[in-house]
Asker: 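Before we start, here is the structure in question, set down as structure tokens.
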2 protein chains.
Amino acid sequence: MKVTRNTTAKTAVLEVFEKSKTALSHTEIQKQLNNVCDRVTIYRILDRLVNDDIIHKISNLDGTVKYAKCNHSHQRVHIHNHAHFSCENCHEITCLETVKPSYIMPHNYKVNEINFTLSGLCPKCLNSNI
Amino acid sequence: MKVTRNTTAKTAVLEVFEKSKTALSHTEIQKQLNNVCDRVTIYRILDRLVNDDIIHKISNLDGTVKYAKCNHSHQRVHIHNHAHFSCENCHEITCLETVKPSYIMPHNYKVNEINFTLSGLCPKCLNSNI
DNA sequence: AATTTAACGCAACAATGTTGCAATTGATTT
DNA sequence: AAATCAATTGCAACATTGTTGCGTTAAATT
Ligand SMILES: [Mn+2]
Ligand SMILES: [Mn+2]
Ligand SMILES: [Zn+2]
Ligand SMILES: [Zn+2]
């Protein structure tokens, strides 16, 4: 097994996640990093963090991909079975850690990951658009 | 309101969907069309078909986007609230029209669309990988 | 057949993600 | 503290996917 190193770039990326209340895209992270490292490096750091279960990937209906910190890394079985909300107005994506879908699968499927994303208007945009 | 025309390209794309049991990406459709029309035209046709509720868009965790025919266009309220399964082995994406997630949303969110994609191994790949 | 405009082809562009390879640097050992 | 080793990085080059503008074509209506 590979050893994971704590580099300055990785630390910087983690700080960005720590400060953010919403999920972030590669581009959004890059903008906040002010040339701390190369574009490619960010991609590779994100891959590593996902692999190490430190962040998780969120795929939205419009094709955008974002990442957010995991607040449940202590769990034995690390599955991201909570919902995400994507606002059509402000385009912010937030984890709804309390919203967990229940469903019944047909037999003979092995489920490893789930991606449950709801889109519409977030509370902030819903109130300001009356 | 705009009038939608039945062009040869659109008819060809619909035939491809009719023949397919799984969801299709833009590239997969293009390959099956054998230069019936331009790449850009396929994008525009897909946009139109989604708008007319004839097909629906599916966004997968790995970032790929696919489309599938709607088998419920007759419904009054047209919401795609069924699950989709994405096989990590054969990469086929299928609609699970019978699998509908139930969940409880916090107040002050307006949900317009949902995207519920499960990934893992499909029955075909599960059986052949013992 | 004439009219109207949705739809098309083409070219050019933009955004996003990937790969190979030499150079760097974090962690470990001596 | 210096040497070691491989994980990580930067850079350049490339691939894929999706978008836009504009002049032309063709489906539908009159
Ligand atoms: Mn989340
Ligand atoms: Mn479906
Ligand atoms: Zn919002
Ligand atoms: Zn499969």
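Letters A, B, ... are given to chains in the order of the sequence lines, protein chains preceding strands, and every chain is numbered from 1.
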Asker: Measuring from atom CG of B/N89 to atom SG of B/C122, what distance do you get when rounded to the nearest 0.5 angstrom?
Answerer: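 Reported to 0.5 Å precision, the distance equals 7.5 Å.
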Asker: Apart from B/V111 itself, which Ile, Leu, Val, Met, Phe, Trp or Tyr residues share its cluster (side-chain heavy atoms under 4.5 Å, direct or through members)?
Answerer: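 Under the 4.5 Å side-chain rule, B/V111 groups with A/F85, A/L96, A/V99, A/Y103, A/M105, A/Y109, A/V111, A/I114, A/F116, A/L118, B/F85, B/L96, B/V99, B/Y103, B/M105, B/Y109, B/I114, B/F116, B/L118.
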Asker: Which residues, if any, of residues 6-17 of chain B bring a heavy atom under 4.0 Å of DNA chain C?
Answerer: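 Output list: B/T7, B/A9.
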Asker: Between A/K69 and A/H56, what is the shortest heavy-atom contact and its length?
Answerer: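 Nearest heavy atoms, A/K69 then A/H56: O-CE1, 3.6 Å.
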Asker: Listing request: all side chain to side chain donor-acceptor pair (under 3.5 Å) pairs with a residue in residues 57-67 of chain B, at least two apart in sequence or in separate chains.
Answerer: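 As it turns out, the side chain to side chain donor-acceptor pair (under 3.5 Å) pairs with a partner in residues 57-67 of chain B, which skip direct neighbours, are A/S59-B/S59, B/E28-B/K66, B/N60-B/D62, B/N60-B/S86, B/D62-B/T64.
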Asker: Mind listing the closest non-hydrogen atom pair of A/V36 and A/L33 along with its distance?
Answerer: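 In terms of heavy atoms, the two residues are closest at CG2-O, 2.7 Å.
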Asker: Apply salt bridge (charged side-chain N to carboxylate O under 4.0 Å, His left out) to B/E88 and list each qualifying residue two or more places apart in sequence or on a separate chain.
Answerer: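 Scan of B/E88 (salt bridge (charged side-chain N to carboxylate O under 4.0 Å, His left out), adjacent residues dropped) gives none.
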Asker: Do the side chains of A/D47 and A/I45 get nearer than 4.5 Å, heavy atoms only?
Answerer: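 Heavy-atom side-chain distance check fails, nothing below 4.5 Å.
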Asker: Other members of the hydrophobic cluster containing A/I93, with the 4.5 Å side-chain heavy-atom rule, please.
Answerer: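 Cluster partners of A/I93: A/I58.
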Asker: Pairs in or reaching into residues 23-52 of chain B: which pass ring-ring contact (aromatic ring centres under 6.0 Å, His included), with residues at least two apart or in two chains?
Answerer: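 Every ring-ring contact (aromatic ring centres under 6.0 Å, His included) pair that includes a residue of residues 23-52 of chain B, provided the two are not neighbours, is B/H26-B/Y43.
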Asker: Look at the side-chain heavy atoms of Ile, Leu, Val, Met, Phe, Trp and Tyr, link any pair under 4.5 Å apart, and say whether B/V40 and B/I55 land in one connected group.
Answerer: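 Hydrophobic grouping puts B/V40 apart from B/I55.
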Asker: With nearest nucleotides of DNA chain C determined for B/I45 and A/T64 from heavy-atom distances, which residue corresponds to the more 5′ nucleotide?
Answerer: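 Residue closer to the 5' terminus by nearest nucleotide: B/I45.
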Asker: Can you give me the first and the last nucleotide of DNA chain C (5' to 3') that has an atom within less than 4.0 angstrom of a non-hydrogen atom in chain A?
Answerer: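 So the contact region on DNA chain C extends C/dT16 to C/dA27.
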Asker: To 10°, what angle do the rotation axes through the five end pairs on each side of the helix from C/dA1-D/dT30 to C/dT30-D/dA1 form?
Answerer: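 Comparing the axis at each end, I get an angle of 40°.
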Asker: Rounded to the Å, how far apart are B/R48 CZ and D/dA27 P?
Answerer: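 It is 12 Å, rounded to the nearest whole Å.
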Asker: Tell me: CG of B/D62 to C1' of D/dT17, nearest whole Å?
Answerer: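 Checked: the CG to C1' distance equals 13 Å.
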Asker: Distance-only check: which donor-acceptor pairs under 3.5 Å involve side-chain atoms of residues 6-24 of chain A, not counting sequence neighbours?
Answerer:
residue: A/N6; atom: OD1; partner: A/K10; partner atom: NZ; Å: 3.3
residue: A/T7; atom: OG1; partner: A/K10; partner atom: N; Å: 3.2
residue: A/T11; atom: OG1; partner: A/T7; partner atom: O; Å: 2.8
residue: A/S20; atom: OG; partner: A/T22; partner atom: N; Å: 3.2
residue: A/S20; atom: OG; partner: A/T22; partner atom: O; Å: 2.7

Asker: At under 4.0 Å between heavy atoms, which parts of nucleotides 18-25 of chain D does protein reach? Answer with one letter per nucleotide, 5' to 3': B base, S sugar-phosphate only, - none.
Answerer: BBBB----
Asker: How far apart are the closest heavy atoms of A/C87 and A/C90, and which atoms are they?
Answerer: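 Where A/C87 meets A/C90 most closely, the heavy atoms are SG-N, 3.4 Å.
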Asker: Do A/V65 and A/L61 belong together in a cluster built from hydrophobic side chains that touch within less than 4.5 Å?
Answerer: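 In one cluster with A/V65: A/L61, no.
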Asker: Is the phosphate of D/dC5, meaning OP1 or OP2, less than 4.0 Å from a side-chain N or O of A/R5?
Answerer: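 Negative; the distance criterion is not met.
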Asker: Could I get the full list of side-chain hydrogen bond (donor to acceptor under 3.5 Å, both in side chains) partners for B/K31, not counting sequence neighbours?
Answerer: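 Applying side-chain hydrogen bond (donor to acceptor under 3.5 Å, both in side chains) to B/K31 gives none.
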Asker: A/D38 versus A/I42: any side-chain heavy-atom pair under 4.5 Å?
Answerer: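 Sidechains of A/I42 and A/D38: no contact.
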Asker: So which protein N/O to nucleotides 1-3 of chain D N/O distances come out below 3.5 Å?
Answerer:
none

